[in-house]
Protein chains: 2
Amino acid sequence: MKLSVKSDYAIRAVFGLAVSFHAGKPRRVDDIADEFNIPPNYLVQILIELKSKRIVRSHRGRVGGYSLACPPSEITLGDILRCIHGAVYDTPALNDPNCPRIIKNAWTRIKEAAENTADDIDFQKLLDQSSKVGNIYYI
Amino acid sequence: MKLSVKSDYAIRAVFGLAVSFHAGKPRRVDDIADEFNIPPNYLVQILIELKSKRIVRSHRGRVGGYSLACPPSEITLGDILRCIHGAVYDTPALNDPNCPRIIKNAWTRIKEAAENTADDIDFQKLLDQSSKVGNIYYI
DNA sequence: TCGGTCGTGAAGTTATCGGTCAAAAGCGAT
DNA sequence: ATCGCTTTTGACCGATAACTTCACGACCGA
């Protein structure tokens, strides 16, 4: 039930990279951390995890930084959640042989509801919302 | 993303009480703990929480034990999850002013998907499944 | 070669989880 | 009235994970 901030940080970071995806230039860690109020040293660890799952790429050196490994439309929130934690929605009940089948079925229904929703939201959709709604209701 | 076993224990316990709801007689803690493989001393804490939220009732003394406070059809999985944890699906992102609106919207969608599903499953439905499927596929 | 960037591991703090234990308090039956 | 059975309460503990910071190494481009 309780999500960690880590997954939220990850989604913010990928969103930040999605915004500047067309530019083609990588973005520095401190830059992203600064925009989204993420502890820089913590963000590094998160980005490394995202990199190991081929969601982002890194470049070292003077013009280094991070960029998306594929178009925003091909990355979903479910992908990020599965990368950072093992699953979108995980309960020990499903692995517990003592849990009655009926209850396991119920857990599975809830799990799939969350999973399907997360897999349906890709970062291109978020970008579209951002350009449409963001400019109108921005305070 | 990671659920605790506590909520699973709670659901098992309430399910156990639902099964014997029509009998009208309370069920002892150790009895429930034994059937569903729940540490008895841990189950006590869970039942007390459930009682404080008026989901179950208790009865002391020689013929004491626990029983449901209302019919199984009026108790949903969402009720249990909200009782044990604060919410069915909780992410710190929704309370973080630094989290962009677009991303908060996405979190809300996932949250509502899980919440609606959990609220749709009441214990009468589980009982119905139990009597229908349980007897056929029981090993 | 030098400055800036990522990469990595370690360390520490805090919180939560899962579980145990020992009494106290209340109720029913006899 | 008392006795046994049950819930009630609250304290406690070890392990694990979350979150964060730090220091230093590796690497690249100019």
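Chain A is the first sequence line, chain B the second, and so forth, proteins listed ahead of strands; every chain is numbered from 1.
Following rounding to the nearest Å, B:Arg57 (CZ) and C:dG26 (P) show an atom-to-atom distance of 20 Å. Rounding to whole angstrom units, NE2 of residue A:His59 and P of D:dC28 are separated by 12 Å. Atom CG of A:Asp90 and atom P of D:dT16 are 17 Å apart (whole Å). When rounded to the nearest whole Å, the span between CG of B:Asn41 and P of D:dT6 equals 14 Å. Rounded to an integer number of Å, the gap from A:Tyr66 OH to D:dC28 P is 14 Å. Spacing between atom CD of A:Glu49 and atom C1' of D:dA18 amounts to 12 Å, rounded to whole angstrom units. The OH-C1' distance, from B:Tyr9 to C:dC17, rounds to 11 Å in whole Å. Between the NZ atom of A:Lys51 and the C1' atom of D:dC27 there is a distance of 11 Å, given to the nearest Å.
In this structure, A:Pro92 and A:Val29 both approach DNA chain C, and ranking their closest nucleotides by distance from the 5' end singles out A:Val29. Take the nearest nucleotide of DNA chain D for A:Ser7 and for A:Gly61: the residue whose nucleotide is more 5' is A:Ser7. Comparing A:Val63 and B:Gly65 against DNA chain D, the residue whose closest nucleotide sits nearer the 5' end is B:Gly65.
Remark: the B:Thr108 side chain and the B:Asn105 side chain contain no N/O donor-acceptor pair separated by less than 3.5 Å.
OP1 or OP2 of D:dT6 sits under 4.0 Å from a side-chain N or O of B:Arg28. For B:Ser58, a side-chain nitrogen or oxygen approaches OP1 or OP2 of D:dT8 to under 4.0 Å. Under 4.0 angstrom from either OP1 or OP2 of D:dC19 there lies at least one side-chain N or O belonging to A:Ser4.
A donor-acceptor pair under 3.5 Å is formed between the side chain of A:Asp79 and the backbone N or O of A:Thr76.
Between B:Phe15 and B:Phe123, the angle of the ring planes lies from 30° to 60°, which puts this pair in the tilted group. Under the 30°/60° scheme for interplanar angles, the aromatic rings of A:Trp107 and A:Tyr89 are found to be tilted.
A:Val44 comes within 4.0 angstrom of a base, heavy atoms only.
With respect to the salt-bridge test (charged N to carboxylate O, under 4.0 angstrom), the residues A:Arg82 and A:Asp119 qualify.
The base of D:dT6 has none of its N or O atoms less than 3.5 Å from a complementary donor or acceptor on the side chain of B:Arg60. Judged by atom type and distance alone, B:Gln45 does not reach the base of D:dT8 through any side-chain donor-acceptor pair under 3.5 Å.
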